[in-house]
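A quick write-up on the structure given underneath.
Hydrogens, waters and symmetry mates are skipped; everything else that's a heavy atom, side chains included, is used. Since the model is a prediction, treat every value here as computed from it, not as a measurement.
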Amino acid sequence: VKLKIKKLCKRMSMKIPQSIQLSVDDGEKIELKEIQGELNESRGRNDELEAQLSIYRQRLRRVENNKSTIGGLDSDTTTWLTIGKMFVRYSRQEVETEIEKELKLYQKKVSDLETAHKRVLDNLNRRQKRFDTFVERHRYDPSKNKKKDETNQSNEPSTSGD
């Protein structure tokens, strides 16, 4: 999980410290939990779409390579299609038609996944900004507490033994 976050952070040019101390009340704890849940959900969806995109891009490249290879063959070359574990002899025209169908299918699938991935990334970026804003607003700063303590001490009446 840390590796995925580091990769995401590198992609988004963010630096996340190992630990962050926040100063929050009970209501803010609930808000933080909600923000973190949404952010993790978006990260998971992003990872899922990236994996699917990788698979379908690989399949698309394979079909494009097959098309290129078939296109380079002589017109009288014997061609075969696989059906499960079997190889069935087909005419070159039938093989090219089948490859075109697959090519269109994978191009559409990659395009659809890229569109969905863009939406998820936009959503992820919004949620990350919301989280970053929350952290900045609630980051614990010990120097603020020292100033409060000093202010409280200077406002207290001094008791002298007169």
Side-chain angles (χ1 to χ4, degrees), residues 1-73 75 77 79-88 90-144:
V1 174
K2 287 183 181 179
L3 181 59
K4 288 181 183 179
I5 292 172
K6 286 180 183 178
K7 285 182 182 179
L8 179 66
C9 292
K10 285 180 184 177
R11 247 185 280 143
M12 301 177 106
S13 301
M14 296 181 308
K15 294 181 181 177
I16 295 181
Q18 292 298 327
S19 65
I20 300 171
Q21 190 172 1
L22 301 176
S23 174
V24 294
D25 61 24
D26 289 341
E28 291 165 335
K29 285 179 187 177
I30 293 169
E31 181 184 359
L32 177 60
K33 185 177 179 180
E34 177 185 306
I35 292 170
Q36 287 176 317
E38 290 173 353
L39 187 56
N40 288 334
E41 177 188 320
S42 290
R43 286 177 180 156
R45 183 71 179 130
N46 182 58
D47 290 347
E48 180 184 314
L49 282 173
E50 284 181 351
Q52 288 179 0
L53 259 171
S54 176
I55 290 168
Y56 279 98
R57 284 179 177 150
Q58 183 179 11
R59 290 176 182 174
L60 178 61
R61 281 191 303 273
R62 186 193 76 229
V63 172
E64 289 169 341
N65 289 339
N66 288 346
K67 180 181 179 181
S68 174
T69 302
I70 296 292
L73 297 175
S75 59
T77 304
T79 53
W80 304 80
L81 279 177
T82 56
I83 299 176
K85 294 183 180 182
M86 300 184 331
F87 291 93
V88 180
Y90 279 93
S91 71
R92 180 177 169 180
Q93 181 61 38
E94 290 172 318
V95 171
E96 287 175 337
T97 302
E98 195 63 33
I99 287 176
E100 282 299 322
K101 285 181 195 174
E102 283 187 25
L103 191 59
K104 287 178 184 175
L105 173 78
Y106 290 131
Q107 286 171 335
K108 175 152 179 35
K109 188 66 175 175
V110 166
S111 175
D112 292 348
L113 285 170
E114 285 173 342
T115 302
H117 186 239
K118 185 181 181 317
R119 282 193 311 269
V120 167
L121 276 178
D122 290 345
N123 196 14
L124 176 60
N125 288 333
R126 269 193 315 279
R127 289 177 173 179
Q128 183 66 49
K129 285 177 186 172
R130 182 178 176 208
F131 176 77
D132 293 342
T133 302
F134 184 91
V135 167
E136 285 306 311
R137 276 192 337 231
H138 297 90
R139 185 180 298 266
Y140 175 73
D141 185 358
S143 64
K144 288 181 182 177

[X] vs [Y] side-chain heavy atoms within contact, under 4.5 Å:
| X | Y | answer |
| --- | --- | --- |
| L124 | L39 | yes |
| K101 | E98 | yes |
| I70 | K67 | no |
| W80 | V95 | no |

Within the side chain of [X], is there an N or O that forms a donor-acceptor pair under 3.5 Å with the backbone of [Y]?
| X | Y | value |
| --- | --- | --- |
| S42 | E38 | yes |
| R92 | G71 | yes |
| H138 | F134 | yes |

What's the spacing between [X] [atom1] and [Y] [atom2] if we round to 0.5 Å?
| X | Y | atom1 | atom2 | value |
| --- | --- | --- | --- | --- |
| I35 | K33 | CD1 | NZ | 13.5 Å |
| E41 | N123 | CD | CG | 8.0 Å |
| E64 | R61 | CD | CZ | 8.5 Å |
| L113 | L49 | CG | CG | 6.5 Å |
| N125 | D132 | CG | CG | 10.0 Å |
| E102 | K109 | CD | NZ | 15.0 Å |

How about N40 and Q36: does a side-chain donor come under 3.5 Å of a side-chain acceptor?
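The criterion, which ignores hydrogens and geometry beyond distance, is not satisfied for Q36 and N40.
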Verify whether one side chain among N65 and R62 offers a donor that lies under 3.5 Å from an acceptor in the other.
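Their side chains do not contain a donor-acceptor pair, so the 3.5 Å distance test is not met.
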Sidechain N-carboxylate O distance under 4.0 Å for R126, D122:
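D122 and R126: not salt-bridged.
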Any Lys/Arg nitrogen of E48 or R45 sitting under 4.0 Å from an Asp/Glu carboxylate oxygen of the other?
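Looking at E48 and R45, the cut-off is met.
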Sort out for me which residue in L53, L105, I55 forms a side-chain contact (heavy atoms from CB on, under 4.5 Å) with V110.
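So, applying the side-chain contact (heavy atoms from CB on, under 4.5 Å) to V110 and each of L53, L105, I55, only L53 qualifies.
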Contact summary for [X] and [Y], nearest pair of heavy atoms:
| X | Y | answer |
| --- | --- | --- |
| T79 | Y90 | OG1-O, 2.5 Å |
| L73 | T77 | CB-OG1, 4.0 Å |
| R43 | Q128 | NH2-OE1, 2.9 Å |
| F87 | T82 | CE2-CG2, 3.1 Å |

The criterion is side-chain contact (heavy atoms from CB on, under 4.5 Å); which residues satisfy it with R119, sequence neighbours excluded?
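Applying side-chain contact (heavy atoms from CB on, under 4.5 Å) to R119 gives T115, A116.
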Tell me, with the steps shown, if D26 and K29 meet side chain to side chain contact (heavy atoms under 4.5 Å, CB included).
CA-CA 5 Å; D26 289 341; K29 285 179 187 177; 3.9 Å; yes
